[in-house]
Amino acid sequence: MIRTRFAPSPTGFLHIGGARTALFSWAYARGHAGSFVLRIEDTDLARSTPEAVQAILDGMAWLGLDYDEGPFYQTRRMDRYRAVIGEMLAAGTAYHCYMAPEELDRLRGEQRQQGLKPRYNGLWRPEPGKDLPLPPAGVQPVVRFRNPSDGMVAWDDLVKGRIEIANGELDDLVIARADGTPTYNFCVVVDDRDMGITHVIRGDDHVNNTPRQINILRALGAEVPLYAHLSMILGDDGQKLSKRHGAVSVMQYDDEGYLPEAVVNYLGRLGWSHGDEEIFSRQQFCEWFDLDHITPSAAQFNTEKLNWLNAHYLKRAHPSRLTALVRPRLAGRGVTITAAPSLEAIIALHQERVANLNELADVAEVFYRDLQPTAELLTKHLTPGTLPLLQSFVADLPAIPWEAAAIGALIKACVARHGVKMPKLAMPLRILLTGQEQTPSVDALLALFPREIVLKRLAVGMQADVLRGSAH
Ligand code: GLU
């Protein structure tokens with residue numbers, strides 16, 4: 001039974017790198033009928049906040065990454081960590097160290113001066129036949145892990161291949177501070193063991209922790225999970241992804257009008273591949289996802305590709321779903337959405353032409369607000385010669401059935417009667433109704449509006465100075 005986990009530290013947003021780690025862990029469990037555990041690593045009390053926990057939960061919910069167990073909070077497991085520390089002290093795999101912090105600093109300073117790697121000197125480490133100093137009075141000891149002194153610690157990383165570290169390189173790690181609180185690496189180990197994690201999929205900033213964690217797991221007699229360390233994500237410019245690159249929080253993609261399935265699809269391909277496949281559903285991803293096809297090199301973010309995927313999913317989304325997503329965006333802009341024109345019809349006509357939900361809101365907005373086309377567009381597309389065309393179009397408009405085909409027929413008849421080309425009428429209609437040069441076909445566009453609004457916008461437009469020649 002495969003068990004994976006996502007173990008974020010709630011110190012900020014759910015950023016894009018964390019989201020990818022969560023996605024890979026989730027998909028691996030889902031694709032193998034396993035379990036996916038959410039664990040909040042909130043022991044750093046100074047940096048963890050409830051808002052950051054909420055941001056993680058919101059981000060995962062938005063991406064559709066559901067978990068089978070948790071969220072488990074490390075701060076609620078302190079008794080458990082203390083119990084394990086007690087067991088290790090009793091078993092001799094951990095020991096009390098009374099070295100005062102100042103003494104440790106002094107030791108490290110000396111080692112540095114001698115060009116040595118600063119490290120604990122093992123003063124309080126029990127060894128067979130060694131006499132330990134007497135514990136000084138009034139000093140609260142830390143607890144150190146008794147790291148194996150010889151040999152190597154090695155693992156076959158599922159992304160990076162074999163990694164070996166000499167135990168001699170590893171210090172006796174502090175696992176409990178003088179105040180009794182357990183330290184980071186120790187909590188991770190106890191949790192991964194208690195939660196029965198089989199595959200640890202995480203960022204490669206944790207590679208350095210892995211040999212220590214493996215040694216502690218072994219000391220506990222626990223099975224060592226498999227590790228897959230994901231390479232980092234670089235920004236579009238090839239630099240380490242940071243706030244400078246704009247959208248770092250997953251929820252910012254929501255704000256910017258991306259659909260979650262586009263972000264999931266995009267993140268799925270970021271450092272993983274399945275042949276040449278670029279477009280896949282969440283479910284397809286879970287079926288295909290494996291750890292053999294993760295690239296060990298850093299993945300580079302490509303905003304253009306994300307935009308392309310977003311446009312792809314926008315085209316295919318049901319208009320009613322997009323309507324529900326655009327509605328609050330319009331409300332946020334103070335737009336009152338009336339029954340006519342129908343928002344869903346507006347969206348159905350435009351969803352193939354936009355890159356994101358905000359652009360969809362932009363086009364929808366002009367249908368509900370009084371419009372003031374720019375002077376520049378009016379001068380470009382309207383001339384005194386346009387006026388008779390509009391007048392004859394408006395004169396016939398009340399009599400036709402209100403649907404695209406009849407409107408289209410009227411436009412054709414009108415330009416034929418005046419002996420002009422289609423754009424001579426179509427462009428002024430576009431400008432006066434939407435203030436835009438680029439719109440879907442003009443007959444379908446007009447049919448979206450109630451007839452009275454078309455008549456009203458055209459009447460207002462026909463007052464434009466350029467039509468009366470006074471601007472010339
Ligand atoms: N809490 C760690 C982080 O947010 C992850 C630890 C782990 O996955 O082992 O970077």
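Ligands are counted one by one from 1 in listed order, and the atoms in each one are counted from 1 as well. Predicted, not measured: the structure shown is a model, and the values here were computed from it.
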Inset, instruction - Collect the protein residues that have a non-hydrogen atom under 4.0 Å from ligand 1 and hand them over in chain and number order. - result: Arg5, Ala7, Pro8, Ser9, Glu41, Tyr184, Val188, Arg202, His206
Inset, instruction - Considering only NZ, NE, NH1 and NH2 on the basic side and carboxylate oxygens on the acidic side, decide whether Arg30 and Asp68 come within less than 4.0 Å. - result: yes
Legend entry - Side chain proximity check, His15 to Thr21, heavy atoms < 4.5 angstrom: no
Inset, instruction - From the options Arg353, Arg333, Arg369, select the one residue that forms a salt bridge (charged side-chain N to carboxylate O under 4.0 Å, His left out) with Asp362. - result: Arg333
Inset, instruction - Classify the ring geometry between Trp308 and His312 as parallel (under 30°), tilted (30 to 60°) or perpendicular (over 60°). - result: tilted
Distance-only check: which donor-acceptor pairs under 3.5 Å involve side-chain atoms of residues 130-137, not counting sequence neighbours?
| residue | atom | partner | partner atom | Å |
| --- | --- | --- | --- | --- |
| Lys130 | NZ | Gly122 | O | 2.8 |
| Lys130 | NZ | Leu123 | O | 3.3 |
| Lys130 | NZ | Arg125 | O | 2.7 |

Inset, instruction - Report yes or no: does Arg329 contribute a side-chain atom to a donor-acceptor pair with the main-chain N or O of Asn358 at less than 3.5 Å? - result: no
